[in-house]
Amino acid sequence: MGDLDGRVAIVTGASRGIGAGAARTIAAAGAGVMLAARDGALAETVAAEIRASGGRARGMACDVSDLAEVEALVAATRAEFGPVDALVNNAGVIEPIGAPGEVDPAAWARSVEINLVGAYYCVHAVLAEMRARGRGVILNVSSGAAHRPLEGWSAYCAGKAGLAMLTDALALEGGEGIAVYGLSPGTVDTDMQVRIRASGINQVSRIPRENLGAVEAPARAIAYLLGDEARDLSGRELSISDPDFRRRAGIA
Ligand code: NAP
């Protein structure tokens, strides 16, 4: 029994990194969790680990930039666990890394299609039912890059800035009973940071691996925000480095 007992959650980008950690923590708190990633087999491997430790989970292939795949994901979640109570828009890519005048325009557009449009597709696929039920949680995984430019990351910064505004727009008119949050997870030791280090571009690429945060802190924060206790924070973009928020979420 946990804070999310009986709830149903979708976590995108849950095959590894922050999304996999969040799915594990949400399932341990009692929710049924659908884990989505383009590599559905890897998402299902994480789901199988969750089931082996007593949780309810399933993994599924879904590219969030494909509306039909997103709609199929939501339908499969409803069939497996019931109506969706919570959506965690975590799927994201850092590429392309490079100067705005030099990166491939198609790769730039693709980044925004995943980081922003994909998140919107997921919102669109769950919102009508959440509104009809008068309850739901939408959590967008944000970044410091949403609020300040970083060299070489124009696509990522633009996509995350747009996602932060989508959080604001949903806070304004998502609907009665729908809680919405942005969460900046900190600089976390995941595959994304491996690619950032390899680029050698900007100050983030020079952060030593041992100084990166563990996945467990944002995972805990995400699970906390999905629960009823966090409701008064709805509409806010939260940061894992905020001491008050860490205390509330039970992060050491
Ligand atoms: P990661 O280790 O690279 O994992 C990214 C996840 O997203 C994977 O499961 C990946 O699986 C999935 N994904 C990528 N494109 C997708 C698509 N089109 N459709 C569905 N799933 C997709 O990254 P992470 O560090 O855990 O990042 C998770 C989130 O936190 C991202 O939104 C990122 O921007 C944000 N964030 C991370 C950091 C950090 O320091 N790590 C800092 C600030 C914000 P597939 O490749 O199989 O699709």
Side-chain angles (χ1 to χ4, degrees), residues 10-25 33-47 59-70 72-74 87-97 107 109-122 125 139-148 150 153 155-164 166-167 181-199 202-209 211-219 221-222 237-241:
I10 292 175
V11 181
T12 67
S15 60
R16 56 176 191 260
I18 294 168
R24 288 190 174 97
T25 309
V33 186
M34 180 64 90
L35 294 84
R38 290 170 298 184
D39 184 342
L42 198 52
E44 174 52 24
T45 302
V46 180
M60 185 172 163
C62 173
D63 183 336
V64 294
S65 68
D66 183 318
L67 181 58
E69 289 189 22
V70 167
L73 172 73
V74 173
L87 166 67
V88 181
N89 271 324
N90 167 77
V93 292
I94 191 70
E95 296 85 7
I97 297 176
R110 175 91 185 115
S111 168
V112 176
E113 275 166 23
I114 294 171
N115 292 343
L116 173 57
V117 181
Y120 169 69
Y121 284 165
C122 292
L139 191 162
N140 295 322
V141 178
S142 188
S143 168
H147 307 289
R148 64 172 194 280
L150 281 144
W153 291 10
Y156 184 74
C157 291
K160 288 293 187 185
L163 184 62
L166 177 60
T167 303
Y181 309 97
L183 174 70
S184 195
T187 314
V188 187
D189 188 11
T190 66
D191 287 357
M192 186 176 279
Q193 287 293 338
V194 173
R195 290 192 291 280
I196 290 168
R197 272 198 304 282
S199 76
N202 83 37
Q203 64 272 32
V204 182
S205 75
R206 292 186 281 280
I207 300 173
R209 183 171 180 194
N211 291 1
L212 298 174
V215 157
E216 284 69 21
I222 290 169
E237 172 116 342
L238 299 148
S239 170
I240 200 85
S241 56

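Numbering of ligands and ligand atoms starts at 1, following listing order. Just so it is clear, the structure is predicted and the values come from calculations on it, not from any experiment.
Given atom 14 (C) of ligand 1, the protein heavy atom at minimum distance is R38 NH2, 3.3 Å. What sits closest to atom 41 (N) of ligand 1 on the protein, heavy atoms only, is T190 OG1, 3.1 Å. For atom 38 (C) of ligand 1, the nearest protein heavy atom (residue, atom name, distance) is G186 O, 3.8 Å. Of the protein's non-hydrogen atoms, V64 N, 3.0 Å is the one closest to atom 19 (N) of ligand 1. The protein heavy-atom contact nearest to atom 18 (N) of ligand 1 is D63 OD1, 2.9 Å. Protein heavy atom nearest atom 26 (O) of ligand 1, with residue, atom name and distance: I18 N, 2.9 Å. Looking at atom 34 (O) of ligand 1, its nearest protein heavy atom turns out to be Y156 OH, 2.6 Å. Closest to atom 3 (O) of ligand 1 among all protein heavy atoms lies R195 NH2, 3.0 Å.
Between the choices G19, S184, S142, the shortest heavy-atom distance to atom 44 (C) of ligand 1 belongs to S142. The heavy atom nearest to atom 5 (C) of ligand 1, out of those in S15, G92, G17, is found in G92.
Side chain of K160 to backbone of V141: a donor-acceptor contact under 3.5 angstrom is found. Counting only distance, with no hydrogens or angles, the side chain of N140 and the backbone of S142 share no donor-acceptor pair below 3.5 Å. At least one donor-acceptor pair under 3.5 Å links the side chain of T12 to the backbone N or O of N90. Looking at S111, its side chain never comes within 3.5 Å of a backbone N or O of A107 through a donor-acceptor pair.
Nearest heavy atom pair, residue A119 against residue L166, reads C-CD2, 4.5 Å. Between A219 and T25, the closest heavy-atom pair is CB-OG1, 3.5 Å. Residues A125 and V70 approach most closely at CB-CG1, 3.8 Å, considering heavy atoms. Contact detail for N115 and Y156: the closest heavy-atom pair is ND2-CD1, 3.6 Å. Between C157 and R148, the shortest heavy-atom contact is SG-O, 3.8 Å.
Put simply, part of A14 is less than 4.0 Å from ligand 1, judged by heavy atoms. Look at E113 and you'll find every heavy atom at least 4.0 Å from all atoms of ligand 1. Heavy-atom separations between T12 and ligand 1 are all 4.0 Å or longer.
Taking every heavy atom of D191 and a limit of under 4.0 angstrom, the matching atoms of ligand 1 come to 2 (O). Those atoms of ligand 1 with a heavy atom of C62 less than 4.0 angstrom away are 19 (N), 20 (C). Using a 4.0 Å cut-off to heavy atoms of T187, the atoms of ligand 1 that qualify are 40 (O). Shown in contact with V141 at under 4.0 Å from a heavy atom are these atoms of ligand 1, numbered in order with element: 29 (C), 30 (O), 35 (C). Short contacts between ligand 1 and D39, defined as distances under 4.0 Å to a heavy atom of the residue, involve ligand atoms 47 (O). Distances below 4.0 Å separate heavy atoms of V93 from the following atoms of ligand 1: 14 (C), 15 (N).
Some N or O of G13 is nearer than 3.5 Å to an N or O of ligand 1, by distance alone. Polar contact check, N90 against ligand 1: a nitrogen or oxygen pair lies under 3.5 Å apart.
Tested against R195 for a side chain to side chain contact (heavy atoms under 4.5 Å, CB included), the candidates V93, T190, I94, I97 yield a single pass: I94.
Listed by chain and residue number, D189, R197, L212 satisfy the side chain to side chain contact (heavy atoms under 4.5 Å, CB included) test with R209 (two or more places apart in sequence, or in another chain). Partners of L42 by side chain to side chain contact (heavy atoms under 4.5 Å, CB included), not counting sequence neighbours, listed by chain and number: S15, D39.
Side-chain contact check for D63 and S65: at least one donor-acceptor pair (N or O, by modelled atom type) lies under 3.5 Å.
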